[in-house]
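Keep in mind that what you see is a predicted model, and the values were worked out from it rather than measured. Reminder, nothing fancy here: chain letters follow the sequence lines and each chain counts from 1.
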Amino acid sequence: MKLPRKFYNQKTLKIAQDLLGKFLIRKYRGKKYIGKIVETEGYYGFKDRASHASRGETERNKIMFGRAGHAYIYLIYGMYYCLNIVTEKEKYPAAVLIRAVEPICRGRTCPVPTNGPGKLCRAFKIDKKLNGENLQSDKIWIEARGFKINKKDIVRAKRIGVDYAGKCKDYLWRFYIKGNSYVSKI
DNA sequence: CCTGGGATTTTCT
DNA sequence: GAAAATCCCAGGA
């Protein structure tokens, strides 16, 4: 069951936490890639210097300014894609970066490198062609499978790779499942 | 036009 | 720990 549109109509940091334990599904050329989301980060508003949106709307980041429940995908360092879930109302830039998933094959955890935002996009065949895709589509979506992560198993921490962002680098806007081996950094 | 750096990862010393 | 891979964007000449 795909998460309904209204799921994405919540505050960004709430969504970032609620996405833990949900399942990212990617269908590509007849294959289905499934991963349990184990690590996320929030990027929120005009003043978040870690966010692409802090310097205004551009051709690259315009999806972040669009409707919630869509995929924002960008190329970083010229070679890796990162997958984000757009949140908040139109014209307000915010998104949740999917930093890591636990890959599932035939109902079991399987050895696929998905412990990092660039790696999971490579493994799940996610690239710029999916930028702006509605998460109600049949190419990529997120679903719940009855899993419920216990609040005490959610760790809240500083975001990764944003040392340039002034005081924003210390915001505790990263969330991950305690003890999960696919979390990119502890 | 040129330069520098980035929401990353791998490979080297 | 440092360097390299190499696209997108901002800022300065």
Side-chain angles (χ1 to χ4, degrees), chain A residues 8 11-20 22 24 26 33 35-88 91-103 110-133 135 140 142 154-177 180-186:
Chain A
Y8 303 101
K11 297 307 289 180
T12 298
L13 295 188
K14 171 84 157 56
I15 293 172
Q17 293 173 75
D18 283 0
L19 282 175
L20 295 176
K22 301 288 192 296
L24 172 70
R26 161 69 167 143
Y33 301 85
K36 185 167 81 172
I37 298 172
V38 301
E39 182 180 3
T40 62
E41 279 179 4
Y43 288 83
Y44 180 78
F46 300 91
K47 292 180 179 170
D48 178 6
R49 285 181 54 195
S51 169
H52 293 161
S54 65
R55 286 187 291 190
E57 186 172 341
T58 67
E59 184 60 27
R60 174 177 66 160
N61 67 20
K62 64 182 180 185
I63 302 298
M64 266 187 97
F65 289 75
R67 289 183 57 201
H70 292 245
Y72 167 47
I73 295 159
Y74 64 89
L75 185 63
I76 187 63
Y77 298 109
M79 44 177 41
Y80 294 101
Y81 291 100
C82 290
L83 169 66
N84 295 253
I85 310 305
V86 178
T87 59
E88 306 295 333
K91 301 300 172 193
Y92 191 91
V96 174
L97 170 68
I98 306 299
R99 281 196 61 86
V101 304
E102 176 183 323
C110 55
V112 177
T114 55
N115 56 328
K119 284 192 271 189
L120 82 86
C121 284
R122 192 176 53 194
F124 278 36
K125 314 296 180 195
I126 292 167
D127 65 23
K128 229 176 167 177
K129 290 195 291 292
L130 287 175
N131 190 31
E133 191 78 17
L135 295 174
I140 184 170
I142 296 170
I154 295 178
V155 181
R156 182 167 187 168
K158 293 181 186 181
R159 293 178 292 181
I160 300 294
V162 295
D163 287 348
Y164 57 87
K167 68 177 184 190
C168 300
K169 79 178 169 63
D170 294 322
Y171 291 175
L172 299 175
W173 287 0
R174 180 164 75 108
F175 303 92
Y176 62 86
I177 298 177
N180 188 285
S181 59
Y182 280 89
V183 172
S184 65
K185 290 189 173 150
I186 302 299

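Spacing between atom NZ of A:Lys128 and atom C1' of C:dC9 amounts to 11 Å, rounded to whole angstrom units. In this entry the distance linking CZ of A:Arg60 with P of C:dT6 reads 19 Å, nearest Å. Between A:Ile76 atom CD1 and C:dA5 atom P there is a gap of 17 Å when expressed in whole angstrom units. C:dC8 atom P lies 18 Å from atom CD of A:Glu57, rounded to whole Å. A:Tyr77 places its OH atom 6 Å from the P atom of B:dG6, with the value rounded to the nearest Å. Taking atom CZ on A:Arg49 and atom P on B:dG6, their separation rounds to 12 Å, with Å as the unit. Atom pair A:Tyr74:OH and B:dG6:P shows a separation of 13 Å (rounding to whole Å applied). The distance between atom CG of A:Leu75 and atom C1' of C:dT6, rounded to the nearest whole Å, is 8 Å.
Taking only side-chain nitrogens and oxygens, A:Arg159 never comes nearer than 4.0 Å to OP1 or OP2 of B:dT8. When the side-chain nitrogen and oxygen atoms of A:Lys119 are compared with OP1 and OP2 of B:dT10, one or more of them lie within a distance under 4.0 Å. Taking side-chain N and O atoms only, A:Arg122 has no distance below 4.0 Å to OP1 or OP2 of B:dT9.
Remark: C:dA5 base-pairs with B:dT8. Criterion, Watson-Crick or G-U wobble with two distances under 3.5 Å.
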Start with the C-alpha distance between A:His52 and A:Tyr72, add both sets of side-chain angles, then the distance that settles side chain to side chain contact (heavy atoms under 4.5 Å, CB included), and finish with yes or no. CA-CA 11 Å; A:His52 293 161; A:Tyr72 167 47; 2.8 Å; yes
Give the intermediate values and the outcome of side-chain hydrogen bond (donor to acceptor under 3.5 Å, both in side chains) for residues A:Tyr44 and A:Lys11. CA-CA 10 Å; A:Tyr44 180 78; A:Lys11 297 307 289 180; 3.2 Å; yes
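Here the side chain of A:Glu39 pairs a donor or acceptor atom with the backbone of A:Ser184 at under 3.5 angstrom.
Residue A:Leu97 is in base contact, counting any heavy-atom pair closer than 4.0 Å across all strands shown.
Dense packing is recorded around CZ of A:Arg156, with more than 12 heavy atoms of other residues, nucleotides or ligands lying under 6.0 Å away.
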